[in-house]
Amino acid sequence: MVLPREGERIVHGTVDFTSAYFLRAAALAAEHGCGLGFIHAHPKGRGWQRLNGIDHAAEASFAAQTQVITGRPLVGLTFAGTDAGFGARIWQQQAPRRCAPTEAESVRVVGGHLAITVNDRLLPVPAATNRQLRTVSAWGQTTQDDLARLHVGVVGCGSVGMLVVEALARTGIQRLSLFDFDTVEEVNLDRLLHATIRDVRLHRAKAHLAARTARRAATATNFRATPYELSVVEPAGFAAAADCDVIFSCVDRPWPRAVLNLLAYTHLIPVVDGGIAVDARGGRLRGAEWRAHIAAPGRACMECLGQYDPAHVSAERDGSLDDPAYIIGLPGDHPLRRKENVFVFSASAAAAQLNQFVSMTTAPGGIADTGAHLYHRRP
């Protein structure tokens, strides 16, 4: 954040700034390989903020210079003083020395509480429907409108991910992106919601099964579920995931978790993560545990919480985790060898992740961050 120094701000009815302030900020941005964003306030504004004539003239006068100095377009942001809402636009070149603003769909503010300000002109408020009466009665129509317009990604459409997809669709989320490069197998049928023997015979992709399930369960009138037979470690999968507002991590491999951790802190996309560990030594159930937490700025990251080991990421990247000889050589209780699971435990893990999501987005009782949750099932 580049704050104005003495003499760089001009107050005469409205607030303006000098060219020296802009040039100093632009030079710092270029030095660090960054773009430049202007944030200015409408003290009495509420909700999505659009440009007035004075704001337009101020941003337009510096848009072309920003492109030249930083190599990136100027981002303009307007803060609403009444409810802490935002408006945003990107200034793009239309002709030599002339730029015009393109409005954003939304502005995401991350931290303990995920706050989204939505541009109603580009993402209209969803039509009211009787399909969500009980849901709306829990947190109100305004919160439901904001939730519905989130773009939510689910990475991993297995036993936990499929339950998450079902819940999000029934809650009224309008747009889901679903990631899984695997197909339905017979060994999945005891844990994979809605999977049938016919899906096994057709070698149906889990992402497509999840999309079909979501469309059947959706309560939103304008619903989209996009399947991606990709991993987030692939460039195309990463790019698609980076377009989401929130991501559910329903994977058990270290490399995808490391990539999602990167998205959480460098692209400011909250990641709702969780996992299951079953203690089945000697062929008998001795206990189980599942956990859920959110990786986002201001919260502990997945590596810090022990959800993946960087050494295991390297092993997966060089192909060792797909080498039977390597896996057999690991100790019997090594986390990379443990595959035990029960559908009931998957349901518990999915519920824990969904509760984290609800807390972050609706802040019940004004509390959005309740920390990581760890649940133990012992005799």
Side-chain angles (χ1 to χ4, degrees), residues 39 42 44-53 55-56 59 73 75-92 100-110 113-154 164-178 211 213-228 240-248 267-270 354 357-358 360-363 368:
I39 302 179
H42 291 171
K44 296 182 180 180
R46 180 184 297 276
W48 187 265
Q49 297 297 294
R50 294 185 171 83
L51 286 172
N52 58 34
D55 296 338
H56 189 285
E59 292 186 9
V75 175
L77 293 134
T78 313
F79 177 74
T82 301
D83 63 357
F86 275 93
R89 57 251 147 220
I90 299 173
W91 288 81
Q92 297 174 315
T102 299
E103 282 198 321
E105 288 186 345
S106 63
V107 176
R108 179 175 64 243
V109 180
V110 300
H113 179 210
L114 174 62
I116 301 281
T117 311
V118 180
N119 184 342
D120 291 340
R121 289 198 300 192
L122 298 181
L123 292 176
V125 174
T129 171
N130 289 334
R131 302 171 191 172
Q132 299 159 3
L133 285 178
R134 296 293 180 90
T135 300
V136 173
S137 69
W139 47 57
Q141 190 63 54
T142 300
T143 297
Q144 180 66 18
D145 292 343
D146 289 341
L147 275 175
R149 290 179 287 180
L150 289 173
H151 179 189
V152 182
V154 180
V164 168
V165 168
E166 174 96 5
L168 293 172
R170 292 192 181 279
T171 301
I173 305 298
Q174 292 188 127
R175 186 180 179 192
L176 297 178
S177 288
L178 311 172
T213 295
R215 295 182 191 115
R216 289 174 175 174
T219 59
T221 53
N222 183 25
F223 179 75
R224 284 183 292 164
T226 306
Y228 292 92
D243 192 42
C244 298
D245 292 313
V246 183
I247 298 173
F248 278 82
H267 291 262
L268 309 183
I269 303 171
L354 288 160
F357 170 74
V358 168
M360 175 180 64
T361 53
T362 68

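When a residue number appears, it is its place in the shown sequence, counting from 1. Please read these numbers as outputs of a predicted model, since none were measured by experiment. Below, each value reflects all heavy atoms present in this structure, side chains not excepted, and no hydrogens, waters or symmetry copies.
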Can you check whether [Y]'s main-chain N or O pairs, donor with acceptor, with [X]'s side chain at less than 3.5 Å?
X	Y	value
T117	F86	yes
Q144	T171	yes
R149	V118	no
S177	T226	no
R108	V246	no

> With respect to T78, which candidate in R89, H42, Q49 satisfies the side-chain hydrogen bond (donor to acceptor under 3.5 Å, both in side chains) definition?
Replying inline: R89

>> Among residues at least two apart in sequence or on other chains, which ones pass side-chain contact (heavy atoms from CB on, under 4.5 Å) with T219?
In response: R131, Q132

Considering non-hydrogen atoms only, spot the tightest contact between [X] and [Y] and give its length.
X	Y	value
L176	I173	CD2-CG2, 3.9 Å
A242	I269	O-CD1, 3.5 Å
V107	G87	CG2-C, 4.2 Å
N119	R50	OD1-NH2, 2.9 Å
A225	A214	CB-CB, 4.2 Å
I116	S106	CG2-CB, 4.1 Å

> More than 12 non-hydrogen atoms from neighbouring residues, nucleotides or ligands closer than 6.0 Å to CG on D83, yes or no?
Replying inline: yes

> Under 4.5 Å between any side-chain heavy atoms of E59 and P101, yes or no?
Replying inline: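 With C-beta onward as the side chain, the pair stays apart.
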
>> Taking the side chain as everything from C-beta on, heavy atoms only, tell me whether P126 gets closer than 4.5 Å to D145.
In response: yes

Spacing of [X] atom [atom1] and [Y] atom [atom2] [to the nearest 0.5 Å]:
X	Y	atom1	atom2	answer
W48	E103	CH2	CD	6.5 Å
E105	L123	CD	CG	4.5 Å
D146	T143	CG	OG1	6.5 Å
R215	R224	CZ	CZ	11.5 Å

> Sequence neighbours excluded, which residues qualify as side chain to side chain donor-acceptor pair (under 3.5 Å) partners of R46?
Replying inline: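 Listed in chain order: nothing, the list is empty.
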
> If you measure from the Lys or Arg side-chain nitrogens to the Asp or Glu carboxylate oxygens, is any gap between D243 and R175 under 4.0 Å?
Replying inline: yes

> Should the pair F248 and F357 be assigned to parallel (<30°), tilted (30 to 60°) or perpendicular (>60°) ring geometry?
Replying inline: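 Ring orientation of F248 relative to F357: tilted.
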
> Which residues satisfy the ring-ring contact (aromatic ring centres under 6.0 Å, His included) test with F223, sequence neighbours excluded?
Replying inline: none

>> Testing T361, L168, V136 one by one against L147 for a side-chain contact (heavy atoms from CB on, under 4.5 Å), which residue passes?
In response: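 One option only clears the test, and that one is T361.
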
